[in-house]
Amino acid sequence: MTEKYDHKDIEKKWQDTWEKSGMYHSNNTSSKPKKYVLDMFPYPSGEGLHVGHPKGYIATDIYSRMKRMQGFNVLHPMGWDAFGLPAEQYAIKNKVHPSIAVAKNVAHYKEQLSDIGFDYDWSREVNTTDPAFYKWTQWIFLKMFEKGLAYESYEPINWCPSCQTGLANEDLEDGKCERCGTVVEKKPMRQWVLRITKYADRMLEDLDALDWPVSIKESQKNWIGRSEGAEIDFKVKNSDKIITVFTTRPDTLFGAAYCVLAPELVENGEWGMENEEEVREYLKQVKQKTDIERTAEGREKTGVKLEGVSVINPANGEELPLYVADYVLGGYGTGAVMAVPAHDERDFEFAKKFGLPIKYVVAPRIIGEGERAYRPNFETLKRKVTNVILENDKGQFLLLIENKKDFHFIGGGIEDGDTDIETVHKETKEESGYTEIEIIGDKFNPVSTLSFRTPKQKNQDIIGFFYYAKLKSDNKIFCEVDEGKHEIGWYDKDQIADLINSRTHKTAWLNFLSGRNQIFTGEGDLVDSAQFDRLSSEEAKKKITDFVKGRWVTKYRLKDWVFSRQRYWGEPIPLIHCEKCGVVPVPEKDLPVMLPEVESYEPTGTGESPLADISEWVNTKCPVCGGAGKRETNTMPQWAGSSWYYLRYMDPKNTASLVDKDKEKYWSPVDMYVGGAEHATRHLIYARFYHKFLYDIGVVNYEEPFIRLQNVGLIMAEDGRKMSKRWGNVVNPDDIVSEYGADTLRLYEMFMGPFGQAVAWSTKSIVGPRRFLERVWKMRDKVNESHDSKAEAVLHRTIKKVGDDIETFGFNTAISSLMILLNELEKQEGATKKDYETFLILLAPFAPHITEELWREIGNKESIHLALWPTYDASKCVVKEITIAIQVSGKLRDSIIVKADEEEDTIKALAIARPDIVKWVAGKEIKKIIVVKGRLLNIVVL
RNA sequence: GCCCGGGUGGCGGAACUGGUAUACGCGCAACACUUAAAAUGUUGUCUGCAUUUAGCGGAUGUGGGUUCGAUUCCCACCCCGGGCACCA
């Protein structure tokens with residue numbers, strides 16, 4: 001030993017030794033507890049790996065190595081996700097068959113991975129394009145077909161004109177193809193769809209119990225998009241037709257101004273409107289727009305009234321016009337809505353454009369505070385108050401003044417009954433004496449207030465209505481002002497807000513200023529809603545729904561999964577079309593339906609898969625009647641294999657079943673799953689759906705596939721952009737491994753920053769971890785045989801820290817604590833053999849090669865990776881002497897070193913006696929002394 | 001617009017449950033070794049004022065609040081990242 005640290009020599013040597021020994025192969029039977037640690041398997045592209053790819057694999061490697069040393073039976077497998085467009089496009093470009101390209105890419109990937117020294121059990125390797133594997137991908141599809149979860153549909157779907165295939169909703173990004181960025185078109189075509197929506201509620205509910213990053217859970221929640229509301233029937237006048245709308249706000253039903261149908265509903269129905277032609281023209285225009293255009297910036301509302309057709313509001317019998325407009329989507333809810341302009345932004349915009357009435361039926365609720373807080377033991381007076389904001393020709397506004405301090409607008413209550421124009425005139429006369437006013441517009445935004453009024457010693461539950469009026473003349477009559485009940489005054493616009501005391505009036509004033517008709521989309525108290533007045537929105541939702549015999553329902557944003565692709569490189573969908581028997585599943589015994597060899601696997605452009613051209617493959621017998629049948633020529637999407645591959649690792653060679661029940665029961669579920677956050681709303685949704693289905697048919701014993709999930713943060717290029725061939729900023733791990741060694745690469749990637757966060761690569765900074773390993777290497781020469789450890793406390797703290805940090809994926813801090821330990825050992829001019837061994841074990845998961853070499857060098861016969869993970873002794877973590885900080889009134893002034901178990905009083909006495917402290921305390925009274933055990937002392941002085 | 005997550009030195013970042021902010025690493029500077037450079041080692045490195053030393057003040061996006069004490073808790077706002085979005 002003592003030669004230089006030569007990583008090239010060491011790393012190759014140990015990789016070969018480990019491989020030969022089979023020490024990373026996992027047993028399916030063991031008395032040990034299991035730990036299933038999984039990476040999202042890669043898609044082997046032609047480019048090979050860049051340094052960003054292995055980051056997640058390094059993490060699972062560290063985690064699985066520690067778990068193995070802690071006595072777990074570990075499953076840590078790897079495989080290949082190789083069906084799909086990228087492989088096919090690569091093959092077309094390079095003029096090789098996709099299967100050959102895949103084999104080549106896999107070999108390259110595997111070699112690159114091997115150089116980094118992972119502990120994968122390669123005997124369990126899977127490949128989604130292997131017929132022995134995709135047999136089971138097809139089998140799952142058949143089971144779904146059998147259970148009615150796979151169905152044929154002719155609805156228009158997203159079509160990518162560049163990739164020449166239909167896409168699922170999940171494959172879009174801002175209305176563009178996620179792969180190539182082309183704007184997708186709506187295209188009606190025959191397709192296979194999986195009924196994933198049936199699992200929407202379960203997928204949402206079970207999310208809570210998962211130990212996943214909040215951001216991923218949040219994404220899934222948004223994606224599934226649950227909303228609760230009511231389905232309400234509107235009768236079409238003079239017809240037996242019924243329009244069912246979906247609304248989350250049935251409490252606003254009395255404010256409905258019109259109803260809207262989505263274009264699809266109008267197109268597929270007979271509505272008998274008088275302006276048939278105009279409507280057809282509108283539908284035609286709508287069809288030409290892509291989703292992007294339809295929702296583009298500005299997106300002014302468009303629509304056409306169905307002339308001569310009207311519907312009846314079931315709550316009050318009011319007759320409402322009916323429109324068709326593309327702001328209502330056919331694919332959500334019932335495709336029809338009731339529009340309440342006063343309480344919905346979109347309806348408001350539409351109503352303004354088409355001159356439809358705006359009627360307020362929900363008032364925001366203001367609750368009194370402090371003095372004015374509601375008092376439960378006092379009487380509550382319910383009133384409706386009509387208020388008038390009166391303006392004179394000088395642009396001033398009239399306020400009433402009570403007791404010289406209470407300013408408010410004209411207003412008077414009615415115990416029972418309704419507010420109307422007459423009341424406005426009456427109240428104005430009574431309170432101000434003015435007799436000639438002009439009311440401008442309708443009443444606007446009402447406000448509901450619950451507060452306590454001290455003068456009356458009563459609670460008031462008030463609904464305030466506000467009118468705007470202009471003074472026409474100065475004519476006055478004898479009124480309350482003259483009786484001395486209050487005074488009045490005219491004030492300028494900018495004075496009003498400061499003068500008004502009442503929050504209700506202030507709110508109304510602000511509404512008035514910002515243009516009287518402000519929409520209010522929040523919840524509050526009902527007004528102008530007949531017997532439902534004063535109910536809270538929450539209560540009214542249920543009551544009004546019941547009243548109009550509506551149904552309370554749950555809707556989801558999630559759409560069923562468009563599952564067929566018109567491309568070659570995918571699993572054939574195992575169905576046969578027979579003229580006599582219809583769609584018939586391929587019998588299980590005939591699986592897999594092999595993907596045939598083909599001359600040209602380029603897309604046909606006709607919307608048919610290239611498989612359709614292979615007549616000898618397409619033409620087959622119907623398994624039911626024996627007559628002529630044709631095979632389904634669509635293939636499955638790339639996501640099919642990855643939706644269940646993790647189960648196959650448990651039992652990769654099984655020919656009789658997807659996975660053996662006992663093995664599944666032993667290994668399931670995945671304890672730790674690591675991969676990129678970009679899979680939040682695709683792979684992780686699909687896999688959870690598949691898993692729940694497999695649970696329902698008894699293939700798996702646990703409802704969720706992945707209990708714990710950790711996201712890898714991207715490694716960006718040094719220029720801060722994504723690493724890509726396009727930018728020419730790719731760093732190849734092979735180069736780093738060859739120059740600095742795999743151990744350094746591993747250490748560096750884990751040390752860069754928090755694991756889940758994106759960080760920019762810096763080849764400059766990689767020397768840090770390399771220097772650290774050099775020092776670890778040199779430390780071997782300073783190892784002594786003594787039993788007297790000088791670094792006991794640091795050592796035990798490090799054992800705790802490294803173990804805890806690996807558990808929580810805090811690798812950067814784990815490494816930092818190992819660096820601190822090494823610094824300490826160097827300061828001690830050497831380490832005992834025992835301490836050094838412990839240090840090596842702690843480092844082994846991170847840097848498996850160098851630690852193995854040193855471990856053997858100092859006399860160990862068995863691999864360090866089979867050694868026992870050290871345990872720490874909490875009592876030994878404590879140092880004998882500790883530093884106590886001394887603060888005076890929260891400011892740090894001094895510190896003292898005391899014995900760890902020193903009495904509190906002694907510490908106090910010592911602290912007060914310190915010259916620096918005496919200086920700060922002098923002439924002041926010590927109010928109290930706060931002691932934080934083992935940390936600090938705060939002397940509070942006055 | 002709604003919902004999440006986050007803002008700390010020149011840089012990546014650390015900080016227990018409210019308790020000495022800036023650990024660890026990079027970079028930089030000085031010194032040692034060297035003919036020299038690299039490598040290595042030692043020391044220093046938030047900032048302002050003061051400066052022989054000691055010292056005093058300020059700083060965790062901004063402004064307030066709670067507290068003996070706030071990066072940590074509360075309120076308002078600004079900025080960055082992500083998800084959803086004409087979803088009724």
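A, B, ... follow the sequence lines: proteins, then strands. Residue 1 opens every chain. When reading the values below, keep in mind they use all heavy atoms of this one structure, side chains included, and skip hydrogens, waters and symmetry mates. Every value quoted in this text rests on a predicted model; they were computed, and no experiment measured them.
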Task: 5'-most by nearest nucleotide on RNA chain B - D916(A) or V940(A) - done: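 Of the two residues, D916(A) wins.
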
Open item on the list: Can you work out whether A262(A) or A885(A) has the more 5'-proximal nearest nucleotide on RNA chain B?
Closed with: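 The answer here is A885(A).
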
With a 3.5 Å distance limit and no angle check, can you tell me whether [X] reaches the backbone of [Y] through a side-chain donor-acceptor pair?
X: Y5(A); Y: R770(A); value: no
X: T334(A); Y: F246(A); value: yes
X: E718(A); Y: A760(A); value: no

By nearest atom, which of the nucleotides [options] is closest to the [X] side chain?
X: V337(A); options: C16(B), C68(B), A88(B); result: A88(B)
X: S816(A); options: C26(B), C68(B), C24(B); result: C24(B)
X: D326(A); options: C86(B), G27(B), G83(B); result: C86(B)
X: W920(A); options: U20(B), G57(B), C3(B); result: G57(B)
X: R557(A); options: A23(B), G58(B), C84(B); result: C84(B)
X: L936(A); options: U20(B), G83(B), C68(B); result: U20(B)
X: V759(A); options: G12(B), A88(B), G19(B); result: G12(B)
X: K919(A); options: C56(B), A23(B), G83(B); result: C56(B)
X: Q887(A); options: C26(B), G19(B), C24(B); result: G19(B)
X: I820(A); options: A88(B), C24(B), A14(B); result: C24(B)

Open item on the list: For G9(B), does the O4'-C1'-N9-C4 or O4'-C1'-N1-C2 angle fall within 90° of 0, making it syn, or is it anti?
Closed with: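 What G9(B) shows is a syn base, its glycosidic angle lying within 90° of 0.
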
To the nearest Å, give me how far apart [atom1] ([X]) and [atom2] ([N]) are.
X: Y556(A); N: C84(B); atom1: OH; atom2: C1'; answer: 17 Å
X: H343(A); N: G1(B); atom1: NE2; atom2: P; answer: 22 Å
X: F846(A); N: G25(B); atom1: CZ; atom2: C1'; answer: 15 Å
X: Y5(A); N: A39(B); atom1: OH; atom2: P; answer: 18 Å
X: I815(A); N: A14(B); atom1: CD1; atom2: P; answer: 12 Å

Distance between the [atom1] atoms of [N] and [M], in whole angstroms?
N: U20(B); M: G65(B); atom1: P; value: 23 Å
N: C77(B); M: G7(B); atom1: C1'; value: 14 Å
N: A36(B); M: U45(B); atom1: C1'; value: 27 Å
N: G12(B); M: A50(B); atom1: C1'; value: 34 Å
N: C46(B); M: C11(B); atom1: C1'; value: 14 Å
N: G9(B); M: G1(B); atom1: P; value: 28 Å

Would you say a side-chain N or O of [X] is under 4.0 Å from OP1 or OP2 of [N]?
X: R249(A); N: A88(B); result: no
X: Y327(A); N: A88(B); result: no
X: R771(A); N: U40(B); result: yes
X: W761(A); N: C11(B); result: no
X: N812(A); N: C24(B); result: no
X: K801(A); N: A23(B); result: no
X: S227(A); N: A88(B); result: yes

TODO: State plainly whether the residues R249(A) and D251(A) are in salt-bridge range, i.e. N to O under 4.0 Å.
DONE: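 Salt bridge present between R249(A) and D251(A).
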
Open item on the list: Under a 4.0 Å threshold between the charged nitrogen and the carboxylate oxygen, would R914(A) count as salt-bridged to D916(A)?
Closed with: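 R914(A) and D916(A): not salt-bridged.
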
Which nucleotide, if any, forms a Watson-Crick or G-U wobble pair with [N], using both distances under 3.5 Å?
N: C24(B); result: G12(B)
N: G55(B); result: C49(B)
N: C2(B); result: G83(B)
N: A29(B); result: U43(B)

Look at all strands and tell whether [X] reaches a base, only sugar-phosphate, or nothing, counting heavy atoms closer than 4.0 Å.
X: S895(A); value: nothing
X: P754(A); value: sugar-phosphate
X: R775(A); value: sugar-phosphate
X: T883(A); value: base
X: S765(A); value: sugar-phosphate
X: K555(A); value: nothing
X: V932(A); value: base
X: V340(A); value: nothing
X: R770(A); value: nothing

Open item on the list: Could you check whether atom NZ of K186(A) has more than 12 heavy atoms from other residues, nucleotides or ligands sitting under 6.0 Å from it?
Closed with: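 Yes, enclosed.
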
- [ ] Search all heavy atoms of D719(A) against all heavy atoms of R721(A) and return the closest pair with its distance.
- [x]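 Taking D719(A) first and R721(A) second, the nearest heavy atoms are OD1-N, 2.9 Å.
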
Task: Nearest-0.5 Å distance that lies between atom CG in L910(A) and atom CG in D905(A) - done: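 Here the rounded value is 11.0 Å.
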
Task: Sub-6.0 Å ring centroid separation between F350(A) and Y323(A) - done: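 Yes, they do, as the ring centres are separated by less than 6.0 Å.
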
